[in-house]
Amino acid sequence: MNDIFSLSGRHALVTGASGGLGRQFARTLAAAGALVTVAARRADRCAETVTLIAAAGGRAQAVNLDVTDAAGVAAAFDAATEMAGAPVDVVVNNAGVAVTKPALKVTEDDWDWVMDTNLKGVWLVAQEAARRMAAPGPDGAPRGGNIVNIASIIAFRQGSRIASYAISKAGVVQLTKILALELADKGIRVNALAPGYVITDMNRDILEGPAGQVIVQRIPQGRFGRPEDLDGPLLLLASDASSFMTGSVIAADGGQLVNSL
Ligand SMILES: NC(=O)c1ccc[n+]([C@@H]2O[C@H](COP(=O)([O-])OP(=O)(O)OC[C@H]3O[C@@H](n4cnc5c(N)ncnc54)[C@H](OP(=O)(O)O)[C@@H]3O)[C@@H](O)[C@H]2O)c1
């Protein structure tokens with residue numbers, strides 16, 4: 001049987017791959033055979049990701065990327081394409097930030113930072129990727145490609161102190177579906193992965209403290225996720241294994257979305 005999860009011959013770009021889930025996503029795609037472009041702002045951390053991938057026998061390169069800067073997004077795609085000698089086939093739109101404050105304490109700057117990174121950033125990267133993927137390939141047909149947006153289960157439920165983040169992720173889900181609709185005839189698939197809680201720099205303070213002990217009780221599987229719990233869902237969406245899926249959102253959350261009222 002063909003390995004339908006193989007990414008051999010593909011060029012994948014992962015935003016926010018300087019740490020956390022993005023680093024794990026980059027390692028997973030490289031282990032599946034992709035040449036991975038590691039894209040984020042912290043060059044030293046991106047270089048670490050590249051080194052980890054190379055040490056495991058994979059292929060990776062790094063580019064500087066701030067997802068909030070449209071010109072910078074285009075430049076990052078240019079740099080990634082030139083270094084790889086091949087355009088980007090798979091994008092994982094992972095870069096994200098969170099502000100955890102009561103709604104009445106959220107400042108305009110907080111709001112803009114979260115929206116600019118999590119929603120506008122995903123849109124800028126997806127639009128730049130899709131323009132390139134829609135360009136004609138050697139046979140004159142659109143080259144096509146595959147975009148995986150990283151949403152969150154908070155897109156579907158409510159939580160206190162997380163308004164801007166939750167709203168940005170709900171926007172990512174809607175953006176995923178609308179882009180899927182508009183880009184299907186160009187051979188471009190757009191899906192989203194919605195993780196539940198996975199301990200990373202984004203949430204370590206909360207999840208490893210007393211609040212974490214309360215939160216974990218709401219997860220039917222009784223534990224927080226590990227970054228590697230997302231390897232399978234990510235590979236499914238990033239590979240031809242999901243060739244008839246577009247506009248889908250997959251939750252990977254230990255059952256938290258189906259917990260009892
Ligand atoms: N951890 C969870 O429980 C969880 C659950 C659901 C969804 N998610 C989502 O998963 C994604 C990754 O989160 P994480 O938990 O891995 O967080 P993290 O450890 O804080 O990593 C976030 C990454 O985003 C990058 N980033 C932030 N702003 C950026 C910008 N303007 N341009 C480019 N890159 C930027 C950072 O890289 P630089 O600082 O180097 O640029 C960093 O590598 C986020 O979208 C998050 O919302 C996480």
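For ligands, and for the atoms within them, numbers begin at 1 and follow the listed sequence. For the numbers below, each heavy atom of this structure counts, side chains included, while hydrogens, waters and symmetry mates do not.
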I need the nearest protein heavy-atom contact for [atom]: residue, atom name and distance, please.
atom: atom 8 (N) of ligand 1; value: Tyr165 OH, 3.5 Å
atom: atom 19 (O) of ligand 1; value: Gly20 CA, 3.6 Å
atom: atom 5 (C) of ligand 1; value: Gly196 O, 3.1 Å
atom: atom 30 (C) of ligand 1; value: Arg41 NE, 3.6 Å
atom: atom 6 (C) of ligand 1; value: Pro195 O, 3.4 Å
atom: atom 25 (C) of ligand 1; value: Gly16 CA, 3.6 Å
atom: atom 1 (N) of ligand 1; value: Val198 O, 2.9 Å
atom: atom 43 (O) of ligand 1; value: Ser18 OG, 2.7 Å

Is Phe224 near ligand 1, meaning one of its heavy atoms is under 4.0 Å from it?
->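 No heavy atom of Phe224 comes that close to ligand 1.
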
Measure the distances from the heavy atoms of Thr15 to every atom of ligand 1 and state whether one is below 4.0 angstrom.
->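 Not so, Thr15 does not reach ligand 1.
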
Proximal atoms of ligand 1 relative to [X] (non-hydrogen, under 4.0 Å):
X: Tyr197; answer: 3 (O)
X: Gly19; answer: 43 (O)
X: Ala151; answer: 6 (C), 7 (C)
X: Leu65; answer: 32 (N), 33 (C)
X: Asn203; answer: 1 (N), 2 (C), 3 (O)
X: Thr200; answer: 1 (N), 14 (P), 15 (O), 16 (O), 17 (O), 19 (O)
X: Val97; answer: 27 (C), 28 (N)

Does atom 21 (O) of ligand 1 have a protein non-hydrogen atom under 4.0 Å from it?
->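 No, there is none.
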
Working for side chain to side chain contact (heavy atoms under 4.5 Å, CB included), residues His11 and Thr37 = CA-CA 7 Å; His11 177 190; Thr37 294; 2.7 Å; yes

Ignoring angles and geometry beyond distance, decide whether [X] reaches within less than 3.5 Å of ligand 1 through its nitrogen or oxygen atoms.
X: Ile199; result: no
X: Gly22; result: no
X: Lys169; result: yes
X: Val67; result: yes
X: Ile150; result: no
X: Asn118; result: no

Would you find a donor on one side and an acceptor on the other, under 3.5 Å apart, between the side chain of [X] and the backbone of [Y]?
X: Asp116; Y: Trp113; value: no
X: Arg189; Y: Met245; value: yes
X: Asn146; Y: Ala238; value: yes
X: Glu48; Y: Ser18; value: no
X: Asn149; Y: Val172; value: no

Going by heavy-atom distance to [atom], choose the closest among [options].
atom: atom 34 (N) of ligand 1; options: Ala95, Gly225, Gly121; answer: Ala95
atom: atom 44 (C) of ligand 1; options: Asp253, Asn94, Ile153; answer: Asn94
atom: atom 31 (N) of ligand 1; options: Asp69, Leu124, Asp66, Asp201; answer: Asp66
atom: atom 24 (O) of ligand 1; options: Ser152, Gly96, Pro227; answer: Gly96
atom: atom 42 (C) of ligand 1; options: Arg42, Met202, Arg204, Lys120; answer: Arg42

Side chain, backbone, both or neither: which part of Leu21 has a heavy atom under 4.0 Å from ligand 1?
->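 For Leu21, the contact with ligand 1 is made by both the backbone and the side chain.
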
Not counting sequence neighbours, which residues clear side chain to side chain donor-acceptor pair (under 3.5 Å) with Lys120? List them please.
->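 Residues passing side chain to side chain donor-acceptor pair (under 3.5 Å) with Lys120: none at all.
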
Any side-chain heavy atom of [X] within less than 4.5 Å of one from [Y]?
X: Val14; Y: Val36; value: yes
X: Leu124; Y: Val67; value: no
X: Val38; Y: Phe25; value: no

If you measure from the Lys or Arg side-chain nitrogens to the Asp or Glu carboxylate oxygens, is any gap between Asp253 and Arg157 under 4.0 Å?
->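 Salt bridge between Asp253 and Arg157, a charged N being under 4.0 Å from a carboxylate O: no.
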
Taking 4.0 angstrom as the limit, do Asp89 and Arg143 come out as a salt bridge?
->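 Between Arg143 and Asp89 there is a salt bridge, with a charged N closer than 4.0 Å to a carboxylate O.
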
Walk me through it: do Asp110 and Lys101 pass the test side chain to side chain contact (heavy atoms under 4.5 Å, CB included)?
-> CA-CA 9 Å; Asp110 291 336; Lys101 281 184 185 175; 2.6 Å; yes

Side chain to side chain contact (heavy atoms under 4.5 Å, CB included) evaluation trace for Val198 with Asp229 = CA-CA 9 Å; Val198 181; Asp229 286 323; over 6 Å; no

Give the other cluster members for Val216, using side-chain heavy-atom distances under 4.5 Å between Ile, Leu, Val, Met, Phe, Trp and Tyr residues; answer none if it is isolated.
->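 Besides Val216, the hydrophobic cluster comprises Tyr197, Ile199, Ile206, Leu207, Ile215, Ile219, Phe224, listed by chain and residue number.
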
Side chain to side chain contact (heavy atoms under 4.5 Å, CB included) between Arg23 and Leu52, worked out | CA-CA 9 Å; Arg23 175 173 282 173; Leu52 284 167; 3.8 Å; yes

Step-by-step side chain to side chain donor-acceptor pair (under 3.5 Å) determination, Asp109 to Thr107 = CA-CA 5 Å; Asp109 283 349; Thr107 65; 5.4 Å; no

